[in-house]
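All heavy atoms count here, side chains included; hydrogens, waters and symmetry mates do not.
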Amino acid sequence: MDSVFKALADPTRRLLLDRLREQNGQTLRELCERLAMTRQSATQHLDLLRQADLVTVVRRGRERLHYLNPAPIHEIEERWISEFDKPRLQAISAIKKQAEEYAMTDTPASVPTYVYVTYIRASAEQVWRALTDADLTARYWGHANVSDWQPGSDWEHRRVDGSGTVDVFGRVLAAEPPTRLVITFDDAPDAELPREPSVVTFLVEPHHDIVRLTVTHENLANEAMFNGISQGWPAVLANLKSLLETGEVLPQAPWEMHRAHS
């Protein structure tokens with residue numbers, strides 16, 4: 001964690017993180033405009049943030065978009081904040097947030113894009129199979145992701161309790177095995193008021209014996225959905241990482257831990 005604390009020690013780098021928190025997915029030019037900073041200075045600070053895994057870069061055509069990566073901060077929280085402190089701190093945070101919302105205007109705030117990065121000791125082909133094989137997804141997700149994974153095809157997130165209930169569904173927007181999968185993600189199939197589905201991108205980048213898996217979740221409906229997937233994706237990806245590296249999922253379902261301590 002030395003690189004994380006070193007990166008956070010500089011006020012300019014903290015300001016960069018604040019700007020990305022306000023508007024995630026910015027180009028270098030956009031960051032420089034908002035901070036009145038030269039490209040060279042911004043690049044140096046962003047390089048240190050990337051080395052600490054606090055910022056990740058996602059390519060979109062010719063653009064390089066910068067996103068916050070919450071994983072290192074999450075690890076710090078797990079190490080130094082006990083489970084007994086979390087409910088009290090969450091209550092204080094909720095009071096603070098509500099007070100700030102009352103002080104703001106009625107203009108609705110945009111929901112940020114969620115980005116999570118993890119490193120897995122596996123090949124790109126193994127990670128791709130884990131993302132698209134119904135039996136494997138059933139093991140680490142508790143749901144089977146069912147599709148032929150061809151662009152334009154439907155996919156379903158089915159329960160494995162025998163009911164066949166579909167909790168999430170969507171469409172495959174892009175499939176480039178074994179490195180890139182883009183899907184729509186609709187977790188409210190029975191909603192009275194249909195909404196535009198969110199979009200999830202899985203980017204698999206191999207490097208020798210490991211891969212970097214970046215999950216980007218965009219077009220989120222509201223803060224409640226952002227908070228939900230902020231708890232869900234780390235748990236699911238931790239289970240996936242354990243399965244690929246050890247052959248077994250975690251001893252207990254990690255997503256149950258949040259509910260148990262909430």
Assess, by modelled atom type and distance only, whether the side chains of H143 and R159 contain a donor and an acceptor separated by less than 3.5 Å.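 Side-chain D/A pair, H143 to R159: absent.
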For a quick check under 3.5 Å, do Y119 and D53 share a side-chain donor-acceptor pair by atom type?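 Yes, a side-chain donor-acceptor pair sits under 3.5 Å.
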For the pair T201 and V58, evaluate side-chain contact (heavy atoms from CB on, under 4.5 Å) and give the outcome as yes or no after the intermediate values. CA-CA 10 Å; T201 300; V58 176; over 6 Å; no
Do [X] and [Y] have side chains that approach each other closer than 4.5 Å (heavy atoms only, starting at C-beta)?
X    : Y    : answer
L243 : K241 : no
Y67  : L20  : no
V236 : N239 : no

Criterion side chain to side chain donor-acceptor pair (under 3.5 Å) against H157, the qualifying member of T137, D167, N145, D187: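 Output: one option passes, namely N145.
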Spacing of [atom1] belonging to [X] relative to [atom2] belonging to [Y], to within rounding of 0.5 Å:
X    : Y    : atom1 : atom2 : answer
D10  : L16  : CG    : CG    : 9.0 Å
L49  : K6   : CG    : NZ    : 11.5 Å
E63  : L28  : CD    : CG    : 11.5 Å
D135 : D133 : CG    : CG    : 5.0 Å
R50  : S3   : CZ    : OG    : 13.5 Å
Q23  : D18  : CD    : CG    : 13.5 Å

Are there more than 12 heavy atoms of other residues, nucleotides or ligands under 6.0 Å from atom [atom1] of [X]?
X    : atom1 : value
D209 : CG    : no
D161 : CG    : yes
R14  : CZ    : yes
R121 : CZ    : no

If you compare all heavy atoms of [X] against all heavy atoms of [Y], which two are closest, and at what distance to 0.1 Å?
X    : Y    : result
Y116 : N69  : CA-OD1, 3.8 Å
R60  : L65  : CG-CD1, 3.6 Å
Q126 : L244 : O-CD2, 4.0 Å
P151 : A175 : CG-N, 4.1 Å
L54  : P72  : CD2-CB, 4.0 Å
Q150 : V172 : O-CB, 3.4 Å

Could you check whether any side-chain N or O of [X] sits under 3.5 Å from a backbone N or O of [Y], counting only pairs where one atom can act as donor and the other as acceptor?
X    : Y    : answer
S230 : F226 : yes
H66  : Q26  : yes
Y140 : L250 : no
T184 : R171 : yes
S163 : V160 : no
S198 : F185 : yes
N24  : L68  : yes
Q231 : G228 : no
N219 : V199 : no
W149 : T132 : yes

Would you call R29 and E33 a salt bridge, taking side-chain N to carboxylate O under 4.0 Å as the test?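 A salt bridge links R29 with E33.
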After noting the C-alpha distance and the side-chain angles of T113 and H217, does the key distance pass the side chain to side chain donor-acceptor pair (under 3.5 Å) rule? CA-CA 6 Å; T113 293; H217 203 146; over 6 Å; no
